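As the structure is a prediction and not an experimental result, all values here were calculated from the model. One-based numbering, in listed order, for ligands and for the atoms of each.
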Amino acid sequence: MVAKQHTKPDPHAFTVCYVRRSAHHRWLCCDITFSCPNQGLRQQWIQAISENLALLSHRPRCLLVYINPHGGRHLAKWIYDRKVAPLFCRAGISTDVIITERANHARDHLRAQHGDLKKYDGVVCVGGDGMVNEILHGLVSRTQTDHRVDQNQPDAHLVPCSLRIGIIPAGSTDCICYTTMGTNDPVTSALHIIVGDSQPMDVCSVHNNNTFLKYSVSLLGYGFYGDVLTDSEKKRWMGPLRYDLAGVKTFLSHNYYEGSIWFVPAQETQGQPRDQEQCLAGCHVCQQGSYSEKKKLKHLSEDEKFIKGSGSEWCVVRGKFLAVNAATVSCACPRSPRGLSPSAHLADGTADLILVRKCSRFGFFRHLLRHTNADDQFDHPFVEVHRVRRFLFQPKNQEVSDSTEDLSDSEMEKRVKTNAFRPICHASDDITAQSNWTCDGEILPHAAIQAAVSVMNSTTNARQKERQREK
Ligand SMILES: CCCCCCCCCCCCC/C=C/[C@@H](O)[C@H](COP(=O)(O)O)NC(C)=O
Ligand SMILES: Nc1ncnc2c1ncn2[C@@H]1O[C@H](COP(=O)(O)OP(=O)(O)O)[C@@H](O)[C@H]1O
Ligand SMILES: [Ca+2]
């Protein structure tokens with residue numbers, strides 16, 4: 001990792017810090033000390049190692065760190081100071097640290113930066129999924145504004161951000177960290193950041209009525225998870241335990257919600273939600289998915305890209321649902337080590353849409369329990385799962401008129417694009433109960449949404465380019 005001078009007991013020794021892989025995807029920082037016959041040779045070794053390290057342009061040298069002191073068990077600052085900062089220091093990384101003072105502090109701060117971010121090689125988030133979401137928002141929004149991309153257009157092609165986001169887990173679920181690294185260990189995260197690892201990720205943009213609402217990188221959930229998160233928000237003071245209590249309460253209330261889901265199946269990708277493949281670094285499905293997508297879309301106009309890019313066919317499923325979940329990635333976390341959709345991919349441009357229809361409490365319990373063991377949670381007659389590029393949810397009282405079933409695909413596309421759906425209910429209609437969506441653990445006070453997935457890859461930033469030129 002880095003060479004450092006050694007003073008005692010051998011004046012001609014020097015120590016190299018390096019990363020050692022341990023069990024369960026954990027990484028450790030270890031030291032190895034070398035002895036030299038004389039001071040001159042020792043200096044030569046230190047210089048040679050330092051020069052070689054300086055050539056690694058993908059390693060960060062300057063990071064902007066946001067710490068949410070209120071996430072999880074309120075330990076974010078302690079975790080950063082005790083476990084992460086000393087490693088950054090050993091690796092020669094300089095940092096600007098901001099401890100947030102309110103929700104959306106980090107998002108607004110990032111949005112307000114113009115050229116000021118150029119000096120950083122990345123942004124580090126010390127917190128949970130809500131905090132990662134905030135930082136992602138700040139960076140993605142900043143980038144779209146800079147490139148004049150209208151985020152309110154559901155079919156807008158997002159411009160990749162130039163900065164990477166590093167995640168130090170200090171929240172309640174830490175699903176985004178666990179899903180990308182296979183563990184939620186702050187030291188492992190810090191070491192991945194230090195060695196300059198990066199992983200593209202799917203980002204799902206969520207709109208309502210042609211208005212941009214949020215980006216999601218883990219779970220977009222309506223019904224069960226929407227209700228769990230709404231209830232747990234009132235119990236924030238309990239820390240991570242709030243999810244267990246809200247979970248039991250929501251499970252017992254057994255609410256179901258009526259609506260329709262329109263979706264574009266991801267036909268061109270190789271994977272299937274139940275193919276038992278696991279997405280790992282260098283995954284061939286993700287590589288192939290993004291390559292074939294780029295190749296197909298290369299010579300098309302923006303409008304053609306929207307229609308072709310979203311697949312050929314819209315499908316619709318109507319009914320009464322206990323849960324509608326869209327998992328852009330597997331959503332693995334300590335509670336569910338394989339995740340909500342174990343075979344979902346990190347960066348294939350798709351989400352797995354999991355529809356859990358109304359069933360008995362016992363059936364639903366068995367489905368939930370299977371998230372915690374090796375059994376297949378989709379192997380129930382009331383559960384279906386589709387790999388999709390985009391989808392649209394309409395709650396019962398805002399349902400799309402039946403006549404849309406006769407629409408051609410291109411007409412359907414046009415309507416989705418212009419959001420030309422009108423609620424068909426009248427004042428006298430029964431308003432069916434509605435839930436709301438949870439997006440990376442935060443609540444979206446909307447039931448009707450449009451969602452589209454795109455792959456977010458960080459581009460080489462100005463500092464990296466500069467260093468590559470220097471070589
Ligand atoms: C009968 C036994 C029931 C066990 C059910 C286990 C199912 C667990 C599936 C959890 C999937 C969580 C997906 C993660 C979402 C996070 O983004 C979000 C926010 O995480 P944060 O608190 O900000 O770190 N957390 C939750 C619980 O929605
Ligand atoms: N200083 C702060 N005070 C209160 N809330 C904050 C602060 N900083 C960030 N937040 C908000 O706290 C929410 C939860 O944060 P997160 O780190 O995800 O913790 P948890 O995993 O416990 O939910 C996020 O939505 C974030 O916007
Ligand atoms: Ca995906």
Looking only at distance, does [X] have an N or O less than 3.5 Å from an N or O of ligand 1?
X	answer
Ser336	no
Gly171	no
Glu442	no
Ser218	yes
Thr438	no
His371	no

Can you tell me which residue and heavy atom of the protein come closest to [atom], and the distance to 0.1 Å?
atom	value
atom 3 (N) of ligand 2	His70 CD2, 3.2 Å
atom 26 (C) of ligand 2	Glu134 OE2, 3.2 Å
atom 19 (O) of ligand 2	Gly71 CA, 3.3 Å
atom 5 (N) of ligand 2	Ala103 N, 3.7 Å
atom 18 (O) of ligand 2	Gly130 N, 2.9 Å
atom 12 (O) of ligand 2	Asn68 ND2, 3.4 Å

In the structure I gave you, are the side-chain heavy atoms of [X] and [Y] within less than 4.5 Å of one another anywhere?
X	Y	answer
Gln144	Leu158	yes
Asn436	His446	no
Arg242	Lys234	no
Val383	Gln377	no

*Closer than 3.0 Å to the Ca ion (ligand 3), how many protein N/O/S atoms do you count?*
5

*Pairs meeting criterion salt bridge (Lys or Arg N to Asp or Glu O under 4.0 Å) with involvement of residues 191-215, two or more places apart*: none

Which of the numbered atoms in ligand 2 are under 4.0 angstrom from any heavy atom belonging to [X]?
X	answer
Gly72	19 (O), 20 (P), 22 (O)
Gly127	17 (O)
Ser172	20 (P), 21 (O), 22 (O)
Gly128	16 (P), 17 (O), 18 (O), 21 (O)
Gly171	21 (O)
Asp129	18 (O)
Thr100	1 (N), 2 (C), 7 (C), 8 (N), 9 (C)

*Distance in Å, Ile194 CD1 paired with Leu87 CG, rounded so as to fall on 0.5 Å steps*: 5.0 Å

_Does Arg361 have more than 12 heavy atoms from other residues, nucleotides or ligands lying within 6.0 Å of its CZ?_
yes

*asked:* With a sphere of 6.0 Å drawn around CZ of Arg102, does it hold more than 12 non-hydrogen atoms of other residues, nucleotides or ligands?
replied: yes

*contact_flag Leu229 ligand 1 heavy-atom lt 4.0 Å*: yes

Against heavy atoms of [X], which atoms of ligand 1 measure under 4.0 Å?
X	answer
Asp440	17 (O), 19 (C)
Asp174	24 (O)
Gly441	17 (O), 18 (C), 19 (C)

*Out of curiosity, is Arg107 lining ligand 2, as in a heavy atom under 4.0 Å away?*
no

*Applying a strict 4.0 Å limit to heavy atoms, is Arg242 in contact with ligand 2?*
yes

_Does only the side chain of Ser172 get under 4.0 Å from ligand 1, or the backbone, or both, or neither? Count heavy atoms._
both

*Backbone N or O of Ile449 within a donor-acceptor pair of the Asn208 side chain at under 3.5 Å?*
no

*Checking side-chain hydrogen bond (donor to acceptor under 3.5 Å, both in side chains) against Tyr66, which of His109, Arg107, Glu134, His105 comes through?*
His109

_Asp376: which of Arg274, Gln276, Arg370 passes side-chain hydrogen bond (donor to acceptor under 3.5 Å, both in side chains)_ = Arg274

_I want to confirm something. Looking only at heavy atoms, which of His105, Glu233, Arg236, Met131 is nearest to atom 14 (C) of ligand 2?_
Arg236

*Select one of side chain, backbone, both or neither to describe which atoms of Val132 lie under 4.0 Å from any atom of ligand 2, heavy atoms only.*
neither

*Does any N/O atom on Thr173 come nearer than 3.5 Å to any N/O atom on ligand 2?*
no

